[in-house]
Student: 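Pasting in a structure now, in structure tokens, and then I'll have a few things to ask.
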Amino acid sequence: MLGISLREAAAAFRLGQLTPTELCRKCLAFIRETSFLNAYITVTEDVALKQAAEADLRFDQGKPLGVLDGIPFAIKDNFSTKNIETTCASQMLKGYIPPYNATVVQRLLDQGAVLMGKTNLDEFAMGSGSTDSIFGPVKNPWSYSKQFREKRKACCPDSNESSDWVITGGSSGGSAASVSAGTCYVALGSDTGGSTRNPACHCGIVGLKPTYGLVSRHGLIPLVNSMDVPGILARCVDDAATVLGVIAGHDPQDATTIQDHILPFTLPDVIDLSKLCVGIPKEYHAPGLSSEILSIWTKAADMMEKAGAKVVEVSMPHTRYSIVCYHVLCTAEVASNMARFDGLEYGHRADIKDSTEAMYSATRRGGFNDVVRGRILSGNFFLLKQ
């Protein structure tokens with residue numbers, strides 16, 4: 001039953017073929033069976049079962065809240081969730097319990113979606129492997145597939161199965177693994193420079209970074225305010241479009257959100273690609289690009305062309321400056337955003353009583369990992385440079 005799409009599950013609810021509680025219990029069983037993946041930081045079993053029971057009652061009365069009513073979902077652990085620990089996978093926020101929900105979380109709950117838990121990530125979403133978490137790395141579900149095991153055995157006969165796994169990508173690796181492993185239908189991640197799309201590719205699912213301003217950032221603990229966007233991870237494009245239609249739109253709590261009214265997104269059954277022009281940037285065929293990725297890229301372009309789309313080469317001449325530009329802007333905003341974690345108001349506080357400055361310094365040294373401290377250091381350098 002978990003192999004069906006979100007809309008098919010909703011239809012099964014309406015027809016009485018399945019109940020939200022039955023689906024919730026199946027997902028919770030999958031979470032327990034796949035706990036070795038380390039996809040979840042917090043599993044909200046009691047909350048999920050209560051929400052599923054409420055969804056059961058609504059379907060019995062013929063009054064579902066929407067297409068997401070009773071659908072299991074997961075949230076990256078850098079989104080605020082009321083009365084549920086939100087850690088950003090960091091010692092700095094371990095034990096922090098927000099008093100409110102992020103806007104995107106609230107909009108999903110308002111539609112009756114069932115929260116399965118909070119997912120693992122790189123600390124404060126700084127990384128691309130989901131390996132830099134105080135709770136340990138996230139393992140890609142495909143590491144345990146028959147295809148991968150046979151491939152690894154053929155090339156590395158002496159490999160140790162228990163330690164031979166591949167990364168999920170990051171920083172939303174826990175969300176990607178949770179969807180890929182079938183523990184939920186959809187998960188939210190965050191995307192600054194690829195943190196939703198990257199793990200989606202690694203885990204073989206759909207990852208969408210909506211246009212900046214289309215989805216509210218309120219309640220998303222900020223990394224880079226000018227680039228952060230809540231992202232969607234799902235098993236098919238239809239599911240991603242359905243969720244986007246629920247969470248998109250203006251939010252008075254986020255002044256950067258679009259002011260226009262957003263209509264629900266619906267995809268046609270048949271998509272005509274004849275009027276679509278697809279650009280392939282020549283600068284992206286760069287030194288170091290693996291032959292495997294190049295062959296898949298070429299195959300995808302050929303598929304688009306055969307389906308009727310026009311595929312052309314384009315030039316993006318500033319590409320070579322993009323990484324440098326990104327890192328300057330990213331680290332500068334990180335340095336500013338991380339200044340709020342000082343041990344005075346919430347989160348980790350070092351047991352130092354010599355002075356406020358000593359406590360502040362020890363708190364940040366003990367609360368942040370090397371990656372976060374490195375970005376803070378770089379950001380302050382760029383901000384101070386004449």
Student: Between CG of L6 and CG of L68, what distance do you get to the nearest 0.5 Å?
Tutor: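 One finds 5.5 Å between CG of L6 and CG of L68.
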Student: What are the two closest non-hydrogen atoms of F382 and T331, and how far apart are they?
Tutor: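 Between these two residues, the closest heavy atoms are CD1-OG1, 3.3 Å.
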Student: Taking the inter-plane angle between the rings of F36 and Y144 on a 0 to 90° scale, is it parallel (under 30°), tilted (30 to 60°) or perpendicular (over 60°)?
Tutor: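 Judged by the thresholds at 30° and 60°, the geometry between F36 and Y144 is perpendicular.
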Student: What I'd like to find out is whether the side chain of F148 reaches to under 4.5 Å of the side chain of W165, using heavy atoms alone.
Tutor: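 No, every pair of side-chain atoms sits at 4.5 Å or beyond.
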Student: Which heavy atom of T256 sits nearest a heavy atom of D254, and at what distance?
Tutor: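 Answer, listing the atom of T256 first, then D254: OG1-OD1, 2.6 Å.
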Student: Would you confirm whether T44, through its side chain, and V47, through its main-chain N or O, come within 3.5 Å as a donor-acceptor pair?
Tutor: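 Between the backbone of V47 and the side chain of T44 there is no qualifying donor-acceptor contact (under 3.5 Å).
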Student: Does Q61 CD have over 12 foreign heavy atoms under 6.0 Å away?
Tutor: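 Count over threshold, so yes.
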Student: Can you tell me how far OG of S180 sits from CD1 of I205, rounded to the nearest 0.5 angstrom?
Tutor: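 So the gap between those two atoms works out to 6.0 Å.
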Student: Determine whether T19 and F59 make a side-chain contact, defined as any pair of heavy atoms from C-beta on separated by less than 4.5 Å.
Tutor: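 Side chain of T19 against side chain of F59, heavy atoms only: no contact under 4.5 Å found.
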Student: Do the side chains of K50 and E54 get close enough for a salt bridge, i.e. N-O under 4.0 angstrom?
Tutor: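 A salt bridge links K50 with E54.
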Student: Show the nearest heavy-atom pair for residues K94 and T87, with the distance to one decimal.
Tutor: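 That closest heavy-atom pairing would be CA-CG2, 4.2 Å.
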Student: Any salt bridge linking R7 with D238? Criterion: basic side-chain nitrogen under 4.0 Å from a carboxylate oxygen.
Tutor: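 No, R7 and D238 are not salt-bridged.
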Student: Tell me, yes or no, whether the heavy-atom count around R58 atom CZ, taken from other residues, nucleotides or ligands under 6.0 Å, exceeds 12.
Tutor: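 Counting neighbours around CZ of R58, more than 12 heavy atoms of other residues, nucleotides or ligands fall under 6.0 Å, so yes.
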Student: State plainly whether the residues D191 and R197 are in salt-bridge range, i.e. N to O under 4.0 Å.
Tutor: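 Salt bridge flag = yes for R197 with D191.
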Student: Answer yes when K353 and D351 have at least one side-chain N-carboxylate O distance shorter than 4.0 Å, and no when they do not.
Tutor: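 The answer is yes: the pair qualifies as a salt bridge.
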Student: Answer yes or no: are there more than 12 heavy-atom neighbours, outside D272 itself, under 6.0 Å from its atom CG?
Tutor: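 Atom CG in D272 is crowded, with more than 12 foreign heavy atoms closer than 6.0 Å.
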Student: I need the L28 CG to E45 CD distance, nearest 0.5 Å.
Tutor: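 Spacing of CG (L28) from CD (E45) equals 5.0 Å.
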Student: Work out which heavy atom in D342 is nearest to a heavy atom in M359; give both atom names and the distance.
Tutor: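 Closest approach of D342 to M359: O-SD, 3.9 Å.
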Student: How close do G169 and N198 get, counting heavy atoms only, and between which atoms?
Tutor: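 Between these two residues, the closest heavy atoms are CA-OD1, 3.1 Å.
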Student: Should the pair F341 and F124 be assigned to parallel (<30°), tilted (30 to 60°) or perpendicular (>60°) ring geometry?
Tutor: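 Tilted, since the angle between the ring planes falls between 30° and 60°.
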Student: Answer yes or no: is there a side-chain heavy-atom contact under 4.5 Å between D251 and R107?
Tutor: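 SC-SC contact between D251 and R107 confirmed.
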Student: Any salt bridge linking D370 with R373? Criterion: basic side-chain nitrogen under 4.0 Å from a carboxylate oxygen.
Tutor: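 Between R373 and D370 there is a salt bridge, with a charged N closer than 4.0 Å to a carboxylate O.
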Student: May I ask you to test the C203-N140 pair for a side-chain heavy-atom distance under 4.5 Å?
Tutor: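 Heavy-atom side-chain distance check passes, below 4.5 Å.
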Student: Heavy atoms only: give me the nearest L383-A335 pair and the separation to one decimal.
Tutor: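 It is CD1-CB, 4.3 Å.
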Student: Measure centre to centre between the rings of H218 and F79, then say whether the value is under 6.0 Å.
Tutor: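 They do not qualify: ring centres at least 6.0 Å apart.
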Student: Rounded to the nearest 0.5 Å, how far apart are CD1 of I221 and CG of N78?
Tutor: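 Going from CD1 on I221 over to CG on N78, the span is 6.5 Å.
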